[in-house]
Amino acid sequence: MMIELTTVQHKQPLEYLAPAGRIGIISLATDFNIEADLKRIYPDDVQFFTSRVKNINPLTIENLRTMAPGISATVDTILPGVELDAIIYACTSGTIAIGVEQVAELIHKVRPGVPVTNPVTAALSAFQCFAAKRISILTPYTEAVNQEIAEFFTSQGYDVLSIAGFGFEDDTAMTYITPQDIADAAVACCDPQAELLFISCTALRASFVLDEIEQRIGIPVVSSNQALVWHSLRLLNYPAAVLGFGALLREQLAVDAARTSE
């Protein structure tokens with residue numbers, strides 16, 4: 001029996017999906033949270049596409065640096081041949097360990113010319129938007145990693161008044177910390193003189209409680225994933241605010257949109 005083979009022709013023009021932007025995400029192989037968090041925050045007309053780079057537990061500065069050789073190959077697997085509007089390396093402590101410039105260089109080896117961001121670059125840009133120089137920091141990390149985090153932000157000209165961590169070394173387990181514990185720890189660790197609180201780590205589910213924390217401490221709160229969304233949308237010239245995830249996305253995107261329309 002012969003099988004009839006035919007080719008059908010679509011009648012409608014092909015749709016350009018993700019009309020507001022396509023973003024490539026390099027996440028850690030052990031990150032349990034990143035896709036869920038970004039899906040919750042990004043507007044519907046922006047889509048992200050994830051590939052994972054192998055990393056090693058326990059989370060130490062030395063182990064974080066072992067990711068560097070895999071970054072370029074990981075980027076190469078994100079929609080080959082399809083134009084991306086921005087690329088994110090989604091690891092805060094990894095960016096500090098490897099270096100902002102080296103991360104961008106490794107990405108541009110494969111995707112030259114595409115705008116690149118990471119949680120550190122995004123957070124620093126957010127600090128500038130709020131004109132904040134005195135900060136407190138909450139992390140899931142150990143004191144040894146926190147020392148490196150504090151020294152980095154100090155080297156960038158910020159006065160780190162306090163830094164507290166949950167003491168976790170397992171990247172996946174960091175996601176199991178409840179949002180309520182994150183909120184309560186954020187309030188407890190924030191120095192009264194701080195102008196901004198930074199919650200570090202893409203694995204933490206801080207996005208659920210950003211508005212709550214801001215209401216409780218009365219200053220802006222910037223988290224790694226929230227900052228990544230904000231900074232990448234800024235790179236896309238996204239024209240509207242995003243509500244429900246802190247003042248950064250609610251107010252600063254609106255400011256950017258107003259400037260663009262002038």
Side-chain angles (χ1 to χ4, degrees), residues 23-42 48-75 77-78 87-99 103 106-107 117-120 122-123 137-150 152 163-186 188-189 197-210 212-213 221-229 232 245:
I23 299 172
I25 309 290
I26 306 164
S27 74
L28 273 61
T30 56
D31 193 328
F32 202 88
N33 177 60
I34 184 75
E35 287 100 344
D37 231 16
L38 296 184
K39 184 176 181 180
R40 194 161 42 244
I41 304 173
Y42 270 123
F48 64 91
F49 305 89
T50 307
S51 188
R52 290 176 174 255
V53 62
K54 185 174 177 57
N55 64 302
I56 301 171
N57 277 319
L59 192 148
T60 65
I61 293 297
E62 293 74 19
N63 283 346
L64 287 164
R65 291 188 177 119
T66 66
M67 277 187 283
I71 290 175
S72 297
T74 302
V75 176
T77 67
I78 303 175
I87 295 174
I88 288 170
Y89 172 65
C91 183
T92 318
S93 53
T95 301
I96 290 174
I98 297 168
V103 167
L106 291 166
I107 292 171
T117 189
N118 59 73
V120 173
I137 303 174
L138 174 65
T139 85
Y141 317 132
T142 63
E143 289 186 4
V145 175
N146 278 351
Q147 183 67 37
E148 297 280 347
I149 301 292
F152 172 82
I163 184 166
F166 284 98
F168 278 53
E169 292 184 317
D170 185 321
D171 187 59
T172 298
M174 294 173 187
T175 303
Y176 304 156
I177 301 169
T178 68
Q180 195 57 58
D181 272 341
I182 294 169
D184 291 342
C189 84
L197 173 68
F198 176 49
I199 302 178
S200 177
C201 191
T202 61
L204 281 182
R205 291 180 290 155
S207 65
F208 285 99
V209 287
L210 294 174
E212 175 190 337
I213 299 169
V221 178
V222 172
S223 75
S224 291
N225 288 342
Q226 169 221 43
L228 282 175
V229 171
S232 58
F245 304 98

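- Nearest heavy-atom pair across L228 and S232 is O-OG, 2.8 Å.
- N225 and S207 are not linked by any side-chain donor-acceptor pair at a separation below 3.5 angstrom, with hydrogens and angles left out of the test.
- Of all the heavy atoms in T50 and S27, the pair that sits closest is CG2-OG, 3.5 Å.
- Looking only at side-chain heavy atoms (C-beta outward), T202 and S224 come within less than 4.5 Å of each other.
- Cation-pi geometry between R40 and F245 is not met: the NZ or CZ atom fails to fall both under 6.0 Å from the ring centre and inside 45° of the normal.
- A heavy-atom distance below 4.5 Å is found between the side chains of L204 and I199.
- At distances below 3.5 Å, at least one donor-acceptor pair connects side-chain atoms of T172 with backbone N or O atoms of T30.
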Between F48 and I34, does a side-chain contact (heavy atoms from CB on, under 4.5 Å) hold up when you go through it step by step?
CA-CA 11 Å; F48 64 91; I34 184 75; over 6 Å; no
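- The nearest pair of heavy atoms linking C189 to I137 is SG-O, 4.1 Å.
- In this structure the side chain of Q180 never reaches within 4.5 angstrom of the side chain of F208, judged on heavy atoms.
- Within the 4.5 Å cutoff, the side chain of Y89 has heavy atoms near those of the I98 side chain.
- The structure places OH of Y141 at 9.0 Å from CD1 of I61, a figure rounded to the nearest 0.5 Å.
- Two residues are said to be in side-chain contact when any heavy atoms from C-beta on lie closer than 4.5 Å; T139 and F168 fail this criterion.
- Distance check, rounded to the nearest 0.5 Å: SG of C201 to CD1 of I182 gives 9.0 Å.
- A heavy-atom distance below 4.5 Å is found between the side chains of V75 and I26.
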What do the steps show when you test N55 against T66 for side-chain contact (heavy atoms from CB on, under 4.5 Å), and what is the final call?
CA-CA 7 Å; N55 64 302; T66 66; 5.9 Å; no
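- Between G24 and I78 the shortest heavy-atom distance is CA-CG2, 4.0 Å.
- We find the CG-CG distance between L28 and N57 to be 9.0 Å, quoted to the nearest 0.5 Å.
- Here the OG atom belonging to S51 is positioned 11.5 Å from the CD1 atom belonging to I71, to the nearest 0.5 angstrom.
- Environment of CZ in F32: sparse, with no more than 12 heavy atoms of neighbouring residues, nucleotides or ligands closer than 6.0 Å.
- In this structure the side chain of T92 reaches within 4.5 angstrom of the side chain of F198, judged on heavy atoms.
- Atom CD1 in I163 sits 9.0 Å away from atom CG in L138 (nearest 0.5 Å).
- With hydrogens and angles ignored, the 3.5 Å screen pairs no side-chain donor or acceptor of T117 with any backbone N or O of I88.
- Minimum interatomic distance between L59 and D171 (heavy atoms only, all atoms of both residues): CD1-OD1, 4.2 Å.
- Atoms CD1 and CG, from I56 and N63 in turn, are 5.0 Å apart once rounded to the nearest 0.5 Å.
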Check the pair R205, I177 against side-chain contact (heavy atoms from CB on, under 4.5 Å), reporting the backbone distance first and the verdict last.
CA-CA 8 Å; R205 291 180 290 155; I177 301 169; 6.0 Å; no
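- For T95 against P119, the heavy-atom pair with the smallest separation is OG1-CD, 4.0 Å.
- Put simply, the side chain of R52 reaches to within 4.5 Å of the side chain of D31, judged on heavy atoms.
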